[in-house]
Undergrad: 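Handing you a structure now.
Lettering follows sequence order; numbering is per chain, from 1.
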There are 2 protein chains.
Amino acid sequence: MKDTYQFTKANVDETCDTVYDYIVDYISDNGYAPSVREIGRGVGLKSTSTVYGHLKRLVDQNRIEMTKGKRRAISLVDEGNPMEVDYDEVPLLGTVTAGMPILATENIESMLKLPQDTYASTENMFALRVRGDSMVGAAILDGDLVLVRKQNTADSGEVVLALLGDEATVKTLIRDDQGHCLLRAENAAYADIPFESEDCKILGVVCGLLRFRV
Amino acid sequence: MKDTYQFTKANVDETCDTVYDYIVDYISDNGYAPSVREIGRGVGLKSTSTVYGHLKRLVDQNRIEMTKGKRRAISLVDEGNPMEVDYDEVPLLGTVTAGMPILATENIESMLKLPQDTYASTENMFALRVRGDSMVGAAILDGDLVLVRKQNTADSGEVVLALLGDEATVKTLIRDDQGHCLLRAENAAYADIPFESEDCKILGVVCGLLRFRV
DNA sequence: TACAATAAAGAGCGTGTGTTCGTTTTAATA
DNA sequence: TATTAAAACGAACACACGCTCTTTATTGTA
């Protein structure tokens, strides 16, 4: 016959959600899980058994995990990986020269972040800063960063990154009627470069461009 | 005079590191921190006081945090914020038309991720897809994404995003000797557009470009 | 060899905390 | 109004576990 009861009977699911939210916040704030009594205090439930009932419900719903007997042994069942990154990274290379493996770690200046939904895979891609105005006709300016997909062949007309002797350059690959190849600068001031497979090598195909100005 | 002692006295720092690593692994595996006794069992220390000493040392080193009295109340002091994003985001806009505030949420198609160290601030920046070939002379192609810094004035020669009547276009702003302004397409096939401030408005200045091809 | 400092062990106290059980209140239904 | 199930309360038990104190072994130094 006590009149000290003050709670209002609430919807189970709502209370459950409140408990869950409290746990999430608590862990976010403190780095470890709350105790049953702390949860009760936090959400306004006076009995540990009530809270405990909600916890069992949350376990059944597969929203949390508890280890029987252990203290504060509540862990969240995260949807996927919470640390999951939502961007892709491609290595930004320094100067590319012959001899060195192009993706050698010493050659990587930094990692360049790209939106994740841009390319199916950035596995074999890298970025490189373009020097010179030889490709202005292909809308590639001095200082631009080009994204290159690593491959050693290319079709006629594709803009490629090629190794000419000891230097890497961006040029358009042209295959003529006789099956001969040449590298063409998209700038009338530069002459075509015959492509002899001996000391020339295709490093990749340009598949993107980034231009950042102040 | 007991000969059951089996431990070898180890370097403090090494043991400390072992304890720390165990805690990190344990939390990674279980989602909550280990108890002092569990740590001891895990790293091969038989006394809780020994483990406790290492824990206090780790607290002093500011590598973990503990709450006095609470069980399993160990939290890692992450370097910075683990959830910290290391990229910037700019809104990618759909079609820009007159009347609507340019950065209205309904107008934002998605968020575009950029490397964080590219711009001092991306606060007033947005991205827009360019349609048409009117700016090929400025190395801006059909389908490119331009990054625009929001501002309503610009210098002569700057590439701007301008609202012409009901449509937004990218053009070069030219200020002639008499102080009159006009918008110039970087393509001989297009004529200059006189700039009358009545129905023309500068929305921003182009400060970057992204081109993604398959 | 003696001495001090360090690291670990071992025992133990106090209590925070999970878990259970029975009771009480509320809200819905007949 | 009586009945019943859901939801909360409250008390109690048992022990996991933080924390301290004292003792023992190891290592370095004079």
Side-chain angles (χ1 to χ4, degrees), chain A residues 1-23 26-27 30-61 64-76, chain B residues 1-23 26-27 30-61 64-76:
Chain A
M1 256 314 185
K2 37 168 77 174
D3 57 339
T4 47
Y5 285 88
Q6 291 170 358
F7 73 93
T8 327
K9 196 169 171 180
N11 181 320
V12 203
D13 295 330
E14 279 178 29
T15 316
C16 237
D17 288 345
T18 309
V19 169
Y20 180 78
D21 290 343
Y22 181 80
I23 296 173
Y26 189 101
I27 292 179
N30 301 283
Y32 51 84
S35 71
V36 174
R37 271 157 257 259
E38 283 175 327
I39 297 172
R41 228 173 296 137
V43 304
L45 290 172
K46 291 171 187 169
S47 172
T48 58
S49 67
T50 308
V51 176
Y52 194 69
H54 288 302
L55 290 179
K56 281 200 279 194
R57 215 162 283 130
L58 285 171
V59 170
D60 287 342
Q61 294 173 12
I64 66 170
E65 281 176 353
M66 289 166 65
T67 307
K68 190 173 171 71
K70 289 184 180 175
R71 313 302 154 90
R72 294 178 186 274
I74 299 174
S75 66
L76 300 176
Chain B
M1 255 314 181
K2 38 167 76 176
D3 57 340
T4 47
Y5 284 88
Q6 293 169 357
F7 74 92
T8 326
K9 200 169 170 180
N11 181 319
V12 204
D13 294 329
E14 279 178 27
T15 317
C16 236
D17 287 346
T18 310
V19 169
Y20 180 78
D21 291 342
Y22 180 81
I23 297 173
Y26 189 103
I27 293 179
N30 301 283
Y32 50 83
S35 70
V36 174
R37 270 158 255 257
E38 283 175 328
I39 296 172
R41 229 172 295 138
V43 303
L45 290 173
K46 293 170 185 168
S47 171
T48 59
S49 68
T50 308
V51 176
Y52 194 71
H54 288 302
L55 290 179
K56 281 200 279 194
R57 215 162 284 129
L58 285 170
V59 170
D60 287 343
Q61 294 173 12
I64 65 170
E65 280 177 353
M66 290 167 63
T67 307
K68 190 173 172 70
K70 290 184 179 175
R71 314 302 159 85
R72 296 178 188 274
I74 299 174
S75 65
L76 300 175

Undergrad: Spell out yes or no: do the side chain of A/T48 and the base of C/dT19 have one donor N/O and one acceptor N/O closer than 3.5 Å?
TA: yes
Undergrad: Could you give the CD-to-C1' distance, from A/E14 to D/dA8, as a whole number of Å?
TA: 16 Å
Undergrad: Rounded to the nearest angstrom, tell me the gap between atom CD1 in B/I23 and atom C1' in D/dG18.
TA: 14 Å
Undergrad: Starting at atom OH of B/Y32, determine the distance to atom C1' of C/dG16, rounded to an integer number of angstrom.
TA: 17 Å
Undergrad: Find the distance A/R37:CZ to D/dG10:C1' and express it as a whole number of Å.
TA: 11 Å
Undergrad: Which whole-number value in Å describes the distance from A/I39 CD1 to C/dT19 P?
TA: 11 Å
Undergrad: Given side chains that start at C-beta, do those of B/T67 and A/N30 come closer than 4.5 Å, heavy atoms only?
TA: no
Undergrad: Just N and O in the side chain of A/S47: are any of them under 4.0 Å from OP1 or OP2 of D/dG10?
TA: no
Undergrad: What is the distance, to the nearest angstrom, from the CG atom on A/L45 to the C1' atom on D/dA6?
TA: 14 Å
Undergrad: To the nearest 0.5 Å, what is the distance between CG on B/L76 and CD1 on B/I23?
TA: 7.0 Å
Undergrad: So which of residues 67-76 of chain A are in contact with DNA chain D, with a heavy-atom cut-off of under 4.0 Å?
TA: A/G69, A/K70, A/R71
Undergrad: C/dA8, OP1 or OP2 - any side-chain N/O from B/T15 closer than 4.0 Å?
TA: yes
Undergrad: So do B/Q61 and B/Y20 actually touch side chain to side chain, heavy atoms under 4.5 Å?
TA: no
Undergrad: Nearest-Å distance, NZ (A/K56) to C1' (D/dA8)?
TA: 14 Å
Undergrad: Which distance, rounded to the nearest 0.5 Å, do you find between the OH of A/Y52 and the CE of A/M66?
TA: 5.0 Å
Undergrad: Take the protein atom OH of B/Y52 and the nucleotide atom C1' of C/dG14, then report the distance between them rounded to whole Å.
TA: 13 Å
Undergrad: What I'd like to find out is whether the side chain of A/R57 reaches to under 4.5 Å of the side chain of A/V19, using heavy atoms alone.
TA: no
Undergrad: If each of B/D13 and B/S49 is mapped to the nucleotide of DNA chain C with the nearest heavy atom, which maps nearer the 5' terminus, i.e. the 5' end?
TA: B/D13
Undergrad: Using side-chain heavy atoms (C-beta onward) and a distance below 4.5 Å, is B/C16 in contact with B/L58?
TA: yes
Undergrad: Can you tell if the side chain of B/T15 reaches within under 4.5 Å of the side chain of B/T50, non-hydrogen atoms only?
TA: no
